[in-house]
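The block underneath contains the structure these notes are about, expressed in structure tokens.
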Protein chains: 2
Amino acid sequence: MSRPVQVLQRAMKLLTAFDHDHPEMGVTELAQRLDLHKATVHRILFTLELEGFVQQNPATGKYRLGFRLFELGALAAEQISLRREALPFLEKLRDECRETVDLAVYDNGEMVYLEVLESPLPIKIAARPGRRLPVYCTASGKAYLAYAGEEDLQTVLSQEMIPCTPNTICDPEALQEDLRLTRERGYSISLEEYEIGIKAVAAPIINGLSRVEAVIAIAGPAYRLPPERVTELGEAVRQTARELSRHLGGRLTT
Amino acid sequence: MSRPVQVLQRAMKLLTAFDHDHPEMGVTELAQRLDLHKATVHRILFTLELEGFVQQNPATGKYRLGFRLFELGALAAEQISLRREALPFLEKLRDECRETVDLAVYDNGEMVYLEVLESPLPIKIAARPGRRLPVYCTASGKAYLAYAGEEDLQTVLSQEMIPCTPNTICDPEALQEDLRLTRERGYSISLEEYEIGIKAVAAPIINGLSRVEAVIAIAGPAYRLPPERVTELGEAVRQTARELSRHLGGRLTT
DNA sequence: ATAATGGTTTCGTATTGTGAAATATATCTC
DNA sequence: GAGATATATTTCACAATACGAAACCATTAT
């Protein structure tokens with residue numbers, strides 16, 4: 001097997017070092033995070049900037065992701081056929097329940113939002129495509145785990161589950177029981193486990209090979225979601241996920 | 001000045017070779033487009049794939065943009081503060097006029113959609129963030145040119161304007177006159193110049209340094225936009241662009 | 001005024017990326 | 001089914017590049 005291009009890997013790791021907690025970083029900070037020499041980091045940034053992949057804030061000297069990545073990301077998003085096919089289902093669900101609806105996939109131990117349709121109400125759960133969230137304490141993550149392969153499940157259970165709120169389920173056995181209940185009712189529930197004030201329900205999209213392709217979730221402010229409303233939304237998201245699964249069942253998507 | 005990293009530039013040009021007309025390409029095709037050796041292209045693709053920047057379709061052997069670019073693009077989009085600040089204005093305008101509304105910027109001789117809010121009506125103009133469109137025959141482009149610097153204007157006028165429809169204005173003097181009328185009424189008009197069946201109006205967002213930061217456009221199917229409706233929408237987009245310009249005027253955005 | 005910190009540049013050289021050539025795989029034609 | 005064609009993948013000698021140590025520059029803090 002051929003050897004990967006070292007400086008290319010370094011550059012990609014550099015780009016991936018930016019996240020929404022660190023949208024801007026300087027040469028020295030990036031060098032420290034990536035364990036690279038400042039001269040190397042500077043040379044990579046200089047080249048990325050020439051092609052518009054990063055841009056330097058002249059006032060601070062720090063760098064951020066550039067316009068070319070916005071464009072490539074938009075093109076990459078267009079090609080996620082699951083997103084495209086799911087959109088009408090998400091729109092219908094959002095219009096019916098008037099809460100924030102999202103589509104997420106599992107990736108490297110976390111859930112990543114592929115699409116978010118926010119509630120039309122003034123008070124709503126804000127989320128963004130591309131954002132990552134933990135698996136063990138979110139409705140999306142639990143809907144995934146309940147139907148995931150044993151390997152993904154053991155990966156999560158073998159790692160320390162850090163409490164996000166006092167309601168976070170951190171005991172592996174309690175989580176397994178929660179996942180059993182999820183399978184029983186066909187949708188997961190997160191009651192202020194990931195963030196105080198937010199409740200959510202989610203259901204899996206199963207593809208033609210009986211694998212969890214993605215999950216659909218509904219999230220809302222806790223005060224607007226008494227138990228009977230949670231049940232209603234759970235049934236709605238289960239129904240939508242089932243319809244989308246059926247819609248996708250005839251063909252596999254990437 | 002330091003010398004850019006050659007293989008990094010090559011990799012970025014490779015990624016930028018993908019567009020919505022060419023979402024998937026193989027090693028040989030990319031080598032031809034980029035004038036690089038197949039072994040070089042293969043090595044770059046192999047490395048990009050390791051980090052998730054591209055993925056190979058096992059069925060066809062061709063490559064497409066990968067999930068990491070989707071994520072980076074989403075993060076890059078989040079940081080375009082103009083997009084964020086403009087969104088409420090775009091939403092209000094779209095809800096009022098019930099046609100597709102978009103925000104675009106000028107980049108390298110073309111307009112690029114930053115944000116698109118599609119009409120809620122069943123028949124609507126579909127557009128996508130990240131897409132590019134010509135300057136001389138779109139409402140967005142003409143709104144930009146009317147207020148752009150002389151350099152951008154001469155760049156466009158000195159290049160051949162290829163007709164997109166029988167209505168495309170290709171004569172430099174006729175275009176200049178059209179731009180004069182645009183400045184006079186405060187918004188541009190494109191009557192099926194870019195695509196048969198589509199009419200659009202657009203107005204510039206002027207920042208605190210009196211430069212055109214972006215443009216807002218409204219686009220709709222021609223049959224739904226008789227002349228008096230075009231005038232209404234023109235006034236509406238002009239008003240929204242002015243409000244946004246004022247909103248942004250106190251601070252420069254990147 | 002000096003020190004500390006972060007960004008930028010230089011340049012000798014070790015390491016890497018290159019591409020010519022070969023091999024492997026898949027598809028097409030007869 | 002054999003041979004031809006096209007594309008993808010791999011190998012390896014070596015030329016060219018990327019590297020990082022050191023120095024320099026600019027800004028901020030003391």
Problem set entry | E51(B)/R68(B) salt bridge by N-O under 4.0 Å criterion | no
Seminar exercise, completed: Rounded to whole Å, CG of L30(B) lies from C1' of dT9(D) at a distance of 15 Å
For this session: Ignoring hydrogens and angles, state whether a donor on the side chain of H22(A) or R33(A) is under 3.5 Å from an acceptor on the partner side chain.
Result: yes
Exercise. Where the side chain of V7(B) is defined as all heavy atoms beyond and including C-beta, which of dG19(C), dA18(D), dA8(D) is the nearest nucleotide?
Worked result: dA18(D)
For this session: Rounded to the nearest angstrom, tell me the gap between atom NZ in K62(B) and atom P in dT7(D).
Result: 8 Å
Exercise. Is any side-chain nitrogen or oxygen of Q56(A) closer than 4.0 Å to OP1 or OP2 of dT8(C)?
Worked result: yes
For this session: When you get a sec, tell me which of dA18(D), dA21(D), dG7(C) is the closest nucleotide to the side chain of V5(B)?
Result: dA18(D)
Exercise. Could you state the CG-C1' distance from L8(A) to dT18(C), rounded to the nearest angstrom?
Worked result: 14 Å
Problem set entry | Position toward the 5' end of DNA chain D (nearest nucleotide), K38(A) or Q6(A) | Q6(A)
For this session: Would you indicate, yes or no, if dA18(D) has its OP1 or OP2 atom less than 4.0 angstrom from a side-chain nitrogen or oxygen of T40(A)?
Result: no
Exercise. How long is the line joining CZ of R3(A) and P of dC12(D), in whole Å?
Worked result: 13 Å
Seminar exercise, completed: Comparing P4(A) with G61(A), nearest DNA chain C nucleotide closer to 5' gives the residue G61(A)
Problem set entry | For atom CG of N57(B) and atom P of dT7(D), their distance in whole Å | 17 Å
Exercise. To the side chain of H37(B), which of dG19(C), dA21(D), dT16(C) is closest?
Worked result: dG19(C)
Problem set entry | Side-chain N or O of R43(B) closer than 4.0 Å to phosphate OP1/OP2 of dT10(D) | no
Exercise. Rounded to whole angstroms, how far apart are NE2 on H42(A) and P on dC19(D)?
Worked result: 14 Å
For this session: Using only side-chain N and O atoms of Y63(B), determine if any of them is under 4.0 Å from OP1 or OP2 of dT9(D).
Result: yes
Seminar exercise, completed: In whole angstroms, the gap separating P of dT7(D) from CZ of F46(B) amounts to 22 Å
Exercise. Can you list the steps and then say if E78(B) with R131(A) is a salt bridge (charged side-chain N to carboxylate O under 4.0 Å, His left out)?
Worked result: CA-CA 10 Å; E78(B) 276 188 47; R131(A) 290 289 184 101; 2.6 Å; yes
Problem set entry | Y106(A) versus V135(A), closest heavy-atom pair with distance | CE1-CG2, 3.9 Å
For this session: May I ask you to evaluate whether R10(A) reaches the phosphate of dA18(D), defined as a side-chain N or O under 4.0 Å from OP1 or OP2?
Result: no
For this session: Please report, rounded to the nearest Å, how far the P atom of dG19(C) is from the CG atom of L45(B).
Result: 15 Å
Exercise. Going through the distances and angles, do Y194(A) and L133(A) end up as a side chain to side chain contact (heavy atoms under 4.5 Å, CB included)?
Worked result: CA-CA 9 Å; Y194(A) 175 46; L133(A) 53 168; 4.1 Å; yes
